[in-house]
Amino acid sequence: SAIILFYVYAVNFSDEAETRTRELENDGKFVSSNLLAEGSPSNWNTTNVEVPGIASRNRINQTKLDSLYQLNQNYNTTKALLSTRFDFYIFFTNQMTANGTLIDGIAKPGLNRTTIISQENPKNIIKVSRYIVYQNEPTIMNLYLWEK
């Protein structure tokens, strides 16, 4: 009976982990697609945003990036607007500025790309990378999503 119980537990645990990974992947695709769109409304700002997006004509719109960075001062609001239950960290391969300040990324307060693992200790984490143009240079938007 112990072997059967172990087998049932191992199969169920494996299915649960696979389901969580699929959920993270689906959210990652959804969030990254929304971010690299215009957002809603198309001329959104921090007071009227329904869905934040930072692109216009397949390029990063600096005004929208500034607004997303400012919006993220309330991380939980940004997370809700991105329609994800998972924590997130967004960063770019090129140096980016928001509101004139060099930024490492847009994320939960106190985190950067090197502290996610040590401070958050995620059970599951994924990374989605998407290409976009910023200031006439190709860049990659990277999105980490994780659950504790």
Side-chain angles (χ1 to χ4, degrees), residues 9-148:
Y9 175 77
V11 168
N12 288 337
F13 183 75
S14 174
D15 289 345
E16 182 180 327
E18 188 174 313
T19 299
R20 292 285 191 214
T21 301
R22 267 196 309 268
E23 288 175 6
L24 279 164
E25 289 172 348
N26 289 339
D27 265 25
K29 290 175 186 175
F30 179 77
V31 170
S32 64
S33 291
N34 283 340
L35 283 169
L36 295 184
E38 286 194 340
S40 179
S42 61
N43 62 341
W44 71 270
N45 59 47
T46 57
T47 60
N48 70 354
V49 63
E50 295 169 14
V51 178
I54 59 170
S56 296
R57 290 180 253 140
N58 296 318
R59 298 175 182 277
I60 292 178
N61 177 311
Q62 187 64 53
T63 302
K64 291 180 179 188
L65 180 63
D66 292 347
S67 293
L68 179 63
Y69 187 73
Q70 183 179 356
L71 183 68
N72 196 59
Q73 300 307 309
N74 186 334
Y75 175 78
N76 289 327
T77 298
T78 306
K79 188 173 166 179
L81 289 167
L82 292 173
S83 299
T84 185
R85 65 184 183 86
F86 301 110
D87 287 313
F88 67 88
Y89 183 79
I90 304 161
F91 69 98
F92 302 86
T93 54
N94 294 15
Q95 286 191 336
M96 307 289 272
T97 60
N99 301 314
T101 303
L102 186 65
I103 60 170
D104 181 64
I106 298 169
K108 195 173 188 179
L111 288 182
N112 62 48
R113 60 186 100 177
T114 61
T115 61
I116 292 171
I117 302 299
S118 63
Q119 288 184 17
E120 292 293 292
N121 194 23
K123 278 198 296 187
N124 295 302
I125 187 169
I126 64 150
K127 179 182 178 183
V128 177
S129 299
R130 304 274 304 265
Y131 288 93
I132 187 89
V133 175
Y134 177 67
Q135 297 181 342
N136 295 320
E137 295 288 329
T139 190
I140 300 172
M141 180 190 79
N142 296 287
L143 167 69
Y144 285 120
L145 282 179
W146 68 91
E147 69 172 338
K148 286 185 148 194

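The model shown is predicted, which means the values in this text are computed figures rather than measured ones.
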Identify the two heavy atoms, one from Lys64 and one from Ser56, that lie closest to each other, and give their separation to 0.1 Å.
-> NZ-OG, 3.7 Å
Enclosure of Gln95 CD (heavy-atom neighbours >12, cutoff 6.0 Å) = no
Close side-chain approach of Lys29 and Val128, heavy atoms under 4.5 Å | no
Report yes if the side chains of Phe86 and Leu24 come closer than 4.5 Å at any heavy-atom pair, otherwise no.
-> yes
Exactly one of Leu71, Thr78, Asn72 clears side chain to side chain contact (heavy atoms under 4.5 Å, CB included) with Tyr75, and that residue is Asn72
Donor-acceptor side-chain pairing of Gln70 and Asp66 below 3.5 angstrom | no
Looking just at side-chain N and O atoms, do Asn45 and Thr47 make a donor-acceptor pair shorter than 3.5 Å?
-> yes
Which pair of heavy atoms, one from Leu143 and one from Ser32, lies closest together, and at what distance?
-> CD2-N, 4.0 Å
Check step by step if side chain to side chain contact (heavy atoms under 4.5 Å, CB included) holds for Leu65 and Phe92.
-> CA-CA 12 Å; Leu65 180 63; Phe92 302 86; 4.3 Å; yes
Check the pair Ile125 / Tyr144 against side chain to side chain contact (heavy atoms under 4.5 Å, CB included), numbers first and verdict last.
-> CA-CA 7 Å; Ile125 187 169; Tyr144 285 120; 4.1 Å; yes
Non-hydrogen side-chain atoms of Ile117 and Pro122 separated by less than 4.5 Å | yes
Give the intermediate values and the outcome of side chain to side chain contact (heavy atoms under 4.5 Å, CB included) for residues Leu35 and Leu68.
-> CA-CA 10 Å; Leu35 283 169; Leu68 179 63; 3.8 Å; yes
Check whether any side-chain heavy atom of Ser33 lies under 4.5 Å from a side-chain heavy atom of Arg130, and answer yes or no.
-> yes
Please indicate whether Asn48 has more than 12 foreign heavy atoms, meaning atoms of other residues, nucleotides or ligands, lying under 6.0 Å from its CG.
-> yes
Apply the side chain to side chain donor-acceptor pair (under 3.5 Å) test between Asn124 and each candidate in Glu147, Arg20, Lys148; give the one that qualifies.
-> Glu147
Minimum side-chain heavy-atom gap Tyr134-Gln62 below 4.5 Å = yes
Compare all side-chain heavy atoms of Lys108 with those of Ile116 and state whether any distance is below 4.5 angstrom.
-> no
Can you find a pair of side-chain heavy atoms, one from Tyr89 and one from Asn142, that are under 4.5 Å apart?
-> no
Nearest heavy-atom approach of Pro41 to Glu50 is CD-N, 4.2 Å
Measure the shortest side-chain to side-chain distance between Asp27 and Phe88 over non-hydrogen atoms and say whether it is less than 4.5 angstrom.
-> no
If you round to the nearest 0.5 Å, how far is CE of Met96 from CD1 of Ile90?
-> 10.5 Å
Under 4.0 Å between a Lys/Arg side-chain N and an Asp/Glu carboxylate O for Glu25 and Arg22?
-> no
Looking only at non-hydrogen atoms, find the nearest pair between Ile103 and Tyr69 and report the distance.
-> CG2-CE1, 3.3 Å
Give a yes-or-no answer on whether the side chains of Ser67 and Thr46 include a donor-acceptor pair shorter than 3.5 Å.
-> no
